[in-house]
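See structure below.
We count residues from 1, following the sequence as given. The shown structure was predicted, so the numbers you read here are calculated from the model rather than taken from an experiment. As a basis for the values below, the full set of heavy atoms in this structure was taken, side chains included, without hydrogen atoms, waters or symmetry mates.
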Amino acid sequence: RAVQLWRERRFDEAQTIAKEVLEGRLRVLGEGHPDTLIARWTLGLVHDSEGRFADAIEQVTPVLTGWETIHGPRHPFLASVSTVLARNLARNDSLAPFEDSARALLEHQERALEEENTHIARDLVLLAQALVENGKHEEASEALERALEIYADEEAAIPVRWSVNAGAIGLVDEDEVMLALRAAIAEPEGVDPDELRFARKRLAQLERDGQEPVDGAAATEASFSGDG
């Protein structure tokens, strides 16, 4: 019933029923039972659709780890779970409370994927953001450098999230960060929507903090185009 309501975009009703189902399955079946995990997944999807990113992360993370424990890292369902978790991590304003979730996502992807690719690079950057916000700069630097190597190997554009977090710990200077942000906003075609939202928020924050503006024409030539 909750899934049907979710499909009909009746999110308040769906959330109420999904919570009731989850609470009942926790009482009867316990945390690690597959039916409990599916109930968590349903509630997580509702929160995802509502834009309640932190709540979605809290529900989806145990689905990822629990389902992998039961079925192994390459079960097809986990591709959807990891996508939803990554999306909500990317959309939440702060990742400091969700370092464990970002780490769980990265470790799952490392087990599930045969080779390093841009999905792993994305997850390295998400973890790096959590680490930066929690003051763990050395580990954040290692994650960002590893992500940069993957982007280079894949000949992929470097996302603005990488530049912002690299700038926060001194891997790149502030001018490069501002250029990366302005370039993504000036030429948004091909930029992941979540990366674009992130760029706009961080640019506004930096401007409020008094960072000198960067010439818009120069920004369009920045090497960091921000493809997420």
Side-chain angles (χ1 to χ4, degrees), residues 48-54 56-57 82-96 98-99 101-102 105-106 109 116-134 137 140-228:
D48 173 59
S49 298
E50 292 175 309
R52 295 174 56 176
F53 310 128
I57 294 166
S82 61
T83 296
V84 171
L85 180 54
R87 179 169 68 229
N88 283 276
L89 286 166
R91 292 178 179 178
N92 204 55
D93 286 339
S94 172
L95 294 187
F98 298 113
E99 180 183 330
S101 293
L105 175 62
L106 172 62
Q109 296 282 57
E116 290 192 331
N117 58 26
T118 54
H119 291 291
I120 288 180
R122 171 203 65 191
D123 299 337
L124 281 162
V125 175
L126 290 171
L127 176 58
Q129 180 178 332
L131 293 167
V132 168
E133 292 176 9
N134 285 327
H137 292 180
S141 177
E142 292 172 359
L144 289 169
E145 289 173 353
R146 183 179 160 202
L148 186 60
E149 290 178 2
I150 296 172
Y151 287 124
D153 289 343
E154 296 287 321
E155 299 183 347
I158 299 170
V160 290
R161 192 182 302 269
W162 187 95
S163 301
V164 167
N165 286 290
I169 58 175
L171 291 181
V172 298
D173 63 36
E174 291 182 349
D175 286 343
E176 287 185 76
V177 175
M178 294 294 285
L179 285 169
L181 292 170
R182 290 185 178 276
I185 294 167
E187 295 188 354
E189 185 178 355
V191 179
D192 178 86
D194 291 331
E195 284 293 301
L196 189 58
R197 280 189 287 269
F198 177 83
R200 286 171 174 156
K201 285 182 180 180
R202 288 306 173 100
L203 181 59
Q205 180 182 357
L206 288 170
E207 290 178 337
R208 284 196 304 271
D209 292 343
Q211 175 72 34
E212 288 295 322
V214 176
D215 178 74
T220 62
E221 299 175 2
S223 60
F224 296 120
S225 64
D227 184 1

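Within the 4.5 Å cutoff, the side chain of N88 has heavy atoms near those of the V84 side chain. In this structure the side chain of S82 reaches within 4.5 angstrom of the side chain of L105, judged on heavy atoms. The shortest distance between side-chain heavy atoms of I150 and D153 does not fall below 4.5 Å. Between L89 and Q129 the shortest side-chain heavy-atom distance does not fall below 4.5 Å. The shortest side-chain heavy-atom distance between V191 and V160 does not fall under the 4.5 Å cut-off. Between L124 and L144 there is no side-chain heavy-atom pair separated by less than 4.5 Å. Between E99 and L127 there is a side-chain heavy-atom pair separated by less than 4.5 Å.
A donor-acceptor contact under 3.5 angstrom links the side chains of S94 and E133, judged on distance only.
Listed here is the closest heavy atom pair of N134 and A96: ND2-O, 3.0 Å. A pairwise comparison of heavy atoms in A184 and L196 identifies O-CD1, 3.5 Å as the closest pair. Here the shortest heavy-atom pairing between K201 and R91 reads NZ-O, 4.3 Å. Of all heavy-atom pairs spanning I158 and S163, the tightest one is CG2-OG, 4.4 Å. Residues D123 and A86 approach most closely at OD1-CB, 4.2 Å, considering heavy atoms. Closest non-hydrogen pair, F98 versus A54, comes out as CZ-CB, 3.7 Å.
Annotation: the span from F198 atom CZ to N92 atom CG amounts to 12.0 Å, rounded to 0.5 Å. Taking OH from Y151 and CG from N117, the interatomic distance works out to 10.0 Å, rounded to the nearest 0.5 Å. Residue L95 holds its CG atom at 6.5 Å from CZ of R161, rounded to the nearest 0.5 Å. Here the CZ-CG distance, from R202 to D93, works out to 8.5 Å after rounding to the nearest 0.5 Å. Atom CD of Q205 sits about 10.0 Å away from atom CG of L181, to the nearest 0.5 Å.
Residues forming a side chain to side chain contact (heavy atoms under 4.5 Å, CB included) with E145 (at least two apart in sequence, or on another chain): S141, L171. Applying the side-chain hydrogen bond (donor to acceptor under 3.5 Å, both in side chains) criterion to S101, with sequence neighbours excluded, gives T61.
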Practice task
List the steps and the verdict of side chain to side chain contact (heavy atoms under 4.5 Å, CB included) for R87 and D48.
Solution key: CA-CA 9 Å; R87 179 169 68 229; D48 173 59; 2.7 Å; yes
Exercise for the section: For the pair E195 and R122, evaluate salt bridge (charged side-chain N to carboxylate O under 4.0 Å, His left out) and give the outcome as yes or no after the intermediate values. Expected result: CA-CA 11 Å; E195 284 293 301; R122 171 203 65 191; over 6 Å; no
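Within 6.0 Å of atom NE2 in H119, 12 or fewer heavy atoms from other residues, nucleotides or ligands are found, so the atom counts as exposed in its surroundings.
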